[in-house]
Protein chains: 2
Amino acid sequence: MTAPSRRERLRTTTVAEIKSGARRLLVDGGVEAVSLRAIARDMGMTAPAIYRYFPSLEALVGALAGDLYEESTALLEAARDGAGEDEVAQLLAMARAFRAWSVAHPAEFGLIFGAPTPSATTFFDTCADADHPGARFGAVFVQPLVELWHRSPFPTPPPELLRRHFEGRLEPLRQSHGEIPVEVAWAFLSGWTRLYGLVAMEVFDQVSWAITEPEHLFELELTTFATQLTPHRP
Amino acid sequence: MTAPSRRERLRTTTVAEIKSGARRLLVDGGVEAVSLRAIARDMGMTAPAIYRYFPSLEALVGALAGDLYEESTALLEAARDGAGEDEVAQLLAMARAFRAWSVAHPAEFGLIFGAPTPSATTFFDTCADADHPGARFGAVFVQPLVELWHRSPFPTPPPELLRRHFEGRLEPLRQSHGEIPVEVAWAFLSGWTRLYGLVAMEVFDQVSWAITEPEHLFELELTTFATQLTPHRP
DNA sequence: TCATTTGAGTGAACGCCGTTAACTATCGCA
DNA sequence: TGCGATAGTTAACGGCGTTCACTCAAATGA
């Protein structure tokens, strides 16, 4: 691990500048506005120069998607770490942080959580299954759920029902998180699905025909979700 | 209402041929593969000819999105009409039909239920709020829910909690469906959000790192959803 | 120190794309 | 029969990703 040479440092900053230009275009024009020629123009370069740093536009967008995945994962971790000891409070803080980030960054959300573009596809295919960006993202949710389950088990559908549906199909999840109680796996999949649905519907503008200020629907669902994570009074 | 002239008939079939070419390109190349030149090539025409029928590529893709919305709405109605009298059975049949269609038509799903492209945006903006395609789509779900609610009310969060969160924010929904009990509005929004989340996650390939055969997760969630629509035993 | 190799960047070109403009030929109708 | 509307053409412009041949400066090694 030797110190980076001057050339390597320059290269790193250039890569960063390319990516930040790409993100700027993404933010104010959608993914189809990201073009090598526009990035190069903004940098005072010509388009073919970018091929010294990325093999194609697709690869550049893929790398950007990877960065965004990391950014949102770090965001979740920060929300969790700032929410005290109670796991339910941690999960609620993470959900709120995720929604806030997504609503504030619709283009970025669309790139990593929307329909898989060729760029995203080729990028994610280069990731080993165990450290798929989605796996590290999901892990931040799984950990508090596991701890909550051991401290104060929440109600779930009957475990034999869960086992019947999940039988042998949780291998990918197990590969990145080790053995997990089937109830926790269910809570994660069910909860993440609901969170994703709420946020994606709002970001993709699929509910504005029915409700204004979808944040209140979000908070309502969060309330009922928190209730479901609390043991029912006997 | 006079019979369409020969010219009008030719025009109609040409429009249909353009759209079907566009859909073919959409299906096996994603939305970014839809190009006027490719469509025209497949039809043995030149690209500018298409401007006799659509003012821009954006408008063509928008019209295609409108057709797809109609297609999926009709699909839901067919599923409902083939599911007998019981409203819960109707809702389950609709959910299954929606998932099946979406999984079988990922590109079409992405176009109308994914991140809004400029094309979709400009198209949906041309729709009046009351007959927004989403509203007609949602109506198919709302109707059985209303009937079920009147026949056999399902458990919901406390109505005062619902009212507090929905206060004055359901105007768009009311405009297309008239007065609706707040409990039904909640059931629709909550249920549609969960259904959308499940299907979008599967179609957009956001869960393959955790679970294989997501259809079983879908069926599991459907089971618990049906339970929640049934009055709890006293 | 000087020659050489490496790397970054350029300019021209190819073939796509959407879109516009000018033009032609055909069809339907009075 | 003639005329206007309609459907189609070709040519062109600018933008795009990408490739290739090239230049020039920086790092390297004898």
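Reminder, nothing fancy here: chain letters follow the sequence lines and each chain counts from 1.
Here C:dG15 presents its C1' atom at 11 Å from CZ of B:R41, a figure rounded to the nearest Å. The CD-C1' distance, from A:E17 to C:dA8, rounds to 14 Å in whole Å. Atom CD1 in A:I50 sits roughly 10 Å away from atom P in C:dG9 (whole-Å rounding). Rounded to a whole Å, the CG atom of B:L10 is 14 Å from the P atom of D:dT6. Residue B:D42 contributes atom CG, which lies 10 Å from atom P of C:dC17 at whole-angstrom precision. Rounded to an integer number of Å, the gap from A:Y53 OH to C:dG9 C1' is 8 Å. Atom CD of A:E32 and atom P of C:dG18 are 13 Å apart (whole Å). Distance B:M45 CE to C:dT19 C1': 15 Å, rounded to the nearest Å.
Closest-nucleotide positions on DNA chain C for A:T14 and A:R37 were compared, and the one nearer the 5' end corresponds to A:T14. In this structure, B:R11 and A:L36 both approach DNA chain D, and ranking their closest nucleotides by distance from the 5' end singles out B:R11. Across the interface with DNA chain C, nearest-nucleotide mapping of B:E58 and A:A49 shows A:A49 to be the residue nearer the 5′ end.
Residue-level contact check: A:S35 touches the backbone only, with heavy atoms under 4.0 Å from sugar-phosphate atoms and none from bases. No engagement by A:F54 is indicated, since no non-hydrogen atom pair under 4.0 Å with the nucleic acid exists. Nucleic acid contact class of B:S56 (heavy atoms, under 4.0 Å, all strands): sugar-phosphate only. Within the 4.0 angstrom heavy-atom criterion, base atoms lie near B:Y51.
One finds a side-chain N or O of A:T46 lying less than 4.0 angstrom from the OP1 or OP2 phosphate oxygen of C:dT10. OP1 and OP2 of D:dA27 both lie 4.0 Å or more from every side-chain N or O belonging to A:R9.
Taking the six-membered ring where the residue is Trp, the centroids of A:F98 and A:Y196 are separated by 6.0 Å or more.
Residues B:I180 and B:L170 have side chains not in contact (no heavy-atom distance under 4.5 Å, counting atoms from C-beta outward). Counting heavy atoms from C-beta on, the side chains of B:K19 and B:F54 come closer than 4.5 Å.
The distance from the NE2 atom of B:H216 to the CD1 atom of B:I211 is 9.0 Å, given to the nearest 0.5 Å.
Closest to the side chain of B:P48, from the set D:dT10, D:dG17, C:dT10, is D:dT10.
Of the N and O atoms on the side chains of B:E71 and B:W101, at least one donor lies less than 3.5 Å from an acceptor on the other residue.
Between the base of C:dG9 and the side chain of A:R52 there is a donor-acceptor pair shorter than 3.5 Å.
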